[in-house]
Amino acid sequence: MHERRRYAGTETKTLLTTRKTRDMKIAIWNVNSIKARLDHVLQWLGDARPDVLMIQELKGLEFPAAAFTPLGYHATFVGQKTYNGVATLTRTPVTPLLERLPGDDSDEQARYLEIDYNGTRLINIYAPNGNPVDSEKYPYKLAWLERLRLHVAGLRAKALPFIIGGDFNIIPDDRDCYDPKVWQDDALFRLESRQQFRALMNLGLTDALRVNNQSDGAYTFWDYQAGAWPQNKGIRIDHFLLSPDIADRLQACVIDKTPRGWDKASDHTPVVLEIT
DNA sequence: ATGGCTTTATGCTAAAGA
């Protein structure tokens with residue numbers, strides 16, 4: 001087997017196109033209750049056929065794993081009554097490496113699931129919302145993000161390949177929301193939240209969507225209220241962050257707005273990543 | 001038209017989401 005090349009060129013292209021078995025299509029989707037959205041998720045999986053789907057906001061202790069078996073998916077999940085919860089669907093059975101974000105043993109919230117998938121760490125996150133900012137929820141959010149940064153710094157130090165995907169509850173930049181003034185004091189856009197996001201990025205990560213898409217209006221969430229969806233008043237808070245070696249293999253990253261238009265939709269829509 | 005949502009829960013109002 002040839003060693004993987006770092007630089008683009010004819011040989012590399014030939015090498016990459018002959019390594020189809022490494023191709024991977026992985027998606028994220030905050031479904032706002034798996035019970036309420038099961039039919040949508042099954043429909044979308046049948047259409048999009050990703051190798052992996054990382055789901056956020058299950059909103060329950062249980063997960064309907066058997067419903068995904070006919071489509072060929074195995075489920076790994078971390079549930080919690082009423083709130084939070086994340087699940088990762090894969091083509092092959094996997095063993096979870098971590099079911100809680102390290103750094104605070106007293107944190108019981110089901111917001112984190114890390115698995116090994118063919119040598120790559122797939123990290124599924126549902127970061128805290130943090131509103132209202134004058135409550136204990138905001139410092140919890142910032143502390144949670146700092147714990148994430150410290151854990152990811154450890155992975156980087158060991159040069160482990162990883163993909164972090166999910167609902168970060170952070171609007172990284174002005175162009176990621178329809179009106180920055182409306183959001184300026186919100187926990188999703190406050191300076192401290194964006195500082196934590198940048199600190200994470202500064203470990204050498206790549207925001208996959210922005211590699212080939214510099215447009216305004218690349219949103220992943222539209223509020224149920226005030227006609228946000230028909231008026232395209234959205235925000236981008238669901239992200240894929242890649243370690244450098246995975247970023248080198250990036251093929252595409254797109255937002256699939258279709259499910260947001262379905263009847264009784266989640267307020268979030270899937271983001272799909274393809275790596276070679 | 002100046003208000004307009006969705007989900008869960010020892011539910012029938014409250015809390016949370018973003």
Side-chain angles (χ1 to χ4, degrees), chain A residues 28-42 44 54-64 67 77-87 107-112 124-145 148 165-197 209 217-239 255 257 259-271:
Chain A
I28 50 174
W29 192 5
N30 178 323
V31 299
N32 185 18
S33 167
I34 188 60
K35 187 188 281 184
R37 225 67 61 200
L38 182 58
D39 289 346
H40 282 201
V41 178
L42 292 171
W44 188 80
M54 304 203 290
I55 303 171
Q56 298 81 41
E57 250 198 305
L58 305 176
K59 286 193 162 183
L61 202 52
E62 306 298 323
F63 185 82
F77 69 97
V78 183
Q80 180 184 334
K81 188 177 169 184
T82 312
Y83 305 118
N84 309 318
V86 292
D107 184 2
E108 298 283 314
Q109 299 191 28
R111 299 180 174 278
Y112 188 92
N124 179 354
I125 70 163
Y126 174 51
N129 175 299
N131 282 307
V133 293
D134 58 358
S135 73
E136 74 288 346
K137 292 179 181 178
Y138 191 52
Y140 171 70
K141 172 182 190 153
L142 297 177
W144 197 95
L145 293 167
L148 178 64
D167 180 355
F168 285 67
N169 268 315
I170 295 176
I171 301 164
D173 205 344
D174 281 4
R175 62 184 170 166
D176 294 314
C177 62
Y178 65 91
D179 186 355
K181 283 193 172 59
V182 168
W183 291 93
Q184 62 183 354
D185 295 323
D186 193 281
L188 279 61
F189 197 55
R190 281 271 293 244
L191 180 60
E192 298 90 346
S193 299
R194 286 184 288 130
Q195 281 176 327
Q196 280 293 340
F197 188 82
L209 187 102
Y219 304 140
T220 65
F221 169 93
W222 297 259
D223 200 282
Y224 288 122
Q225 300 186 68
W229 167 247
Q231 296 174 72
N232 195 30
K233 290 182 174 178
I235 54 178
R236 187 173 75 98
I237 56 175
D238 301 273
H239 310 295
I255 298 165
K257 291 171 70 171
R260 186 60 182 83
W262 291 345
D263 190 42
K264 295 184 183 289
S266 168
D267 36 12
H268 298 250
T269 212
V271 183

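Order of the sequence lines fixes the chain letters, A, B, ..., with proteins taken first and strands second; residue numbering starts at 1 for each chain. Computed over heavy atoms, backbone and side chain alike; hydrogens, waters and symmetry mates excluded.
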Inset, instruction - Verify the contact: side-chain N or O of A/His268 to OP1 or OP2 of B/dA18, cut-off strictly under 4.0 Å; return yes or no. - result: yes
Legend entry - N/O donor-acceptor pair under 3.5 Å between A/Gln56 side chain and A/Met54 backbone: yes
Legend entry - Rounded distance in Å - CD1 (A/Ile55) to P (B/dT7): 16 Å
Legend entry - B/dA16 phosphate, OP1 or OP2, under 4.0 Å from A/Lys59 side-chain N/O: no
Legend entry - A/Arg194 CZ - B/dA18 P separation (whole Å): 18 Å
Inset, instruction - Kindly write out the residues that satisfy ring pair (Phe, Tyr, Trp, His ring centres under 6.0 Å) with A/His268, not counting sequence neighbours, or none if the list is empty. - result: A/Phe221
With the criterion being N/O to N/O and under 3.5 Å, what pairs connect the protein with nucleotides 3-5 of chain B, and how long is each?
unit_1 : atom_1 : unit_2   : atom_2 : d
B/dC5  : O4'    : A/Tyr224 : O      : 3.4

Inset, instruction - Looking at every strand, decide which applies to A/Asn169 at a 4.0 Å heavy-atom threshold: base, sugar-phosphate, or nothing. - result: sugar-phosphate
Inset, instruction - Supply the atom-to-atom distance A/Asp238 CG to A/Tyr126 OH, rounded to the nearest 0.5 angstrom. - result: 10.0 Å
Inset, instruction - Using a 4.0 Å heavy-atom cut-off across all strands, classify A/Asn84 as base, sugar-phosphate, or nothing. - result: nothing
Please produce a list of atom pairs where a protein N or O lies less than 3.5 Å from an N or O of nucleotides 10-14 of chain B.
unit_1 : atom_1 : unit_2  : atom_2 : d
B/dT10 : OP1    : A/Lys81 : NZ     : 3.4
B/dT10 : OP2    : A/Lys81 : NZ     : 3.0

Legend entry - B/dA18 OP1/OP2 closer than 4.0 Å to side-chain N/O of A/Asn30: yes
Inset, instruction - Take atom P in B/dA9 and the same atom in B/dG4, then report the distance between them in whole Å. - result: 26 Å
Legend entry - Pair A/Gln231, A/Tyr178: side-chain N/O donor-acceptor within cut-off below 3.5 Å: no
Inset, instruction - Assign each of A/Ala265 and A/Glu57 to its nearest nucleotide of DNA chain B by heavy atoms, then name whichever residue's nucleotide is nearer the 5' end. - result: A/Ala265
Legend entry - Output field: ring centroids A/Trp29/A/Trp44 closer than 6.0 Å: yes
Inset, instruction - Would you check if there is a donor-acceptor pair between the side chains of A/Tyr224 and A/Asn32 at a distance under 3.5 Å? - result: yes
Inset, instruction - Rounded to the nearest angstrom, tell me the gap between atom OH in A/Tyr83 and atom P in B/dA18. - result: 12 Å
Inset, instruction - Answer yes or no: does a side-chain N or O of A/Asn129 lie under 4.0 Å from OP1 or OP2 of B/dG17? - result: no
Legend entry - Euclidean distance for C1', B/dT7 against B/dC12 (whole angstrom): 15 Å
Inset, instruction - Check the distance between B/dT6's P and A/Lys35's NZ and give it to me in whole angstrom. - result: 18 Å
Legend entry - C1' spacing across the pair B/dG11 / B/dA16, given as an integer number of angstrom: 15 Å
Inset, instruction - Just do the side-chain contact (heavy atoms from CB on, under 4.5 Å) check on A/Gln109 and A/Tyr140 with the steps written out, would you? - result: CA-CA 11 Å; A/Gln109 299 191 28; A/Tyr140 171 70; 3.4 Å; yes
Inset, instruction - Would you please name every residue forming a ring pair (Phe, Tyr, Trp, His ring centres under 6.0 Å) with A/Phe77, sequence neighbours left out? - result: A/Phe63
Legend entry - 4.5 Å side-chain heavy-atom contact, A/His239 and A/Pro172: yes
Inset, instruction - Answer yes or no: is there a donor N or O on one side and an acceptor on the other, between the side chain of A/Lys141 and the main chain of A/Asn129, under 3.5 Å? - result: yes
Legend entry - Sugar-phosphate, base or nothing in reach of A/Asp238, heavy atoms under 4.0 Å: nothing
Inset, instruction - For residues A/Lys257 and A/Asn232, determine if any side-chain heavy atom of one lies less than 4.5 Å from a side-chain heavy atom of the other. - result: yes
Inset, instruction - Mind checking A/Lys141 for me? I need base, sugar-phosphate or nothing, with any heavy atom below 4.0 Å counting as a touch. - result: nothing
Legend entry - Close residues, residues 171-179 of chain A, relative to DNA chain B [heavy-atom separation under 4.0 Å]: none
Legend entry - Between C1' of B/dG17 and CG of A/Asp167, the distance in whole Å: 10 Å
Inset, instruction - Report the distance from atom CZ of A/Phe221 to atom P of B/dA16, rounded to the nearest whole Å. - result: 17 Å
Inset, instruction - Have a look at A/Tyr126 and say if it touches a base, only the backbone sugar-phosphate, or nothing, with a 4.0 Å heavy-atom cut-off. - result: sugar-phosphate
Inset, instruction - Kindly point out which of B/dT6, B/dT8, B/dA18 is positioned nearest to the side chain of A/Arg37? - result: B/dT6
Inset, instruction - Report the distance from atom CH2 of A/Trp183 to atom P of B/dG17, rounded to the nearest whole Å. - result: 13 Å
Inset, instruction - Mind jotting down which residue pairs meet the salt bridge (Lys or Arg N to Asp or Glu O under 4.0 Å) criterion with at least one end in residues 223-236 of chain A? Sequence neighbours excluded, please. - result: A/Asp176-A/Arg236, A/Asp207-A/Arg236
Inset, instruction - Provide the distance between the two C1' atoms, one in B/dT6 and one in B/dA18, to the nearest whole Å. - result: 12 Å
Inset, instruction - Find the distance A/Gln56:CD to B/dT7:P and express it as a whole number of Å. - result: 17 Å
Legend entry - Check: A/Leu188 main-chain N/O paired with A/Ser193 side-chain donor or acceptor under 3.5 Å: no
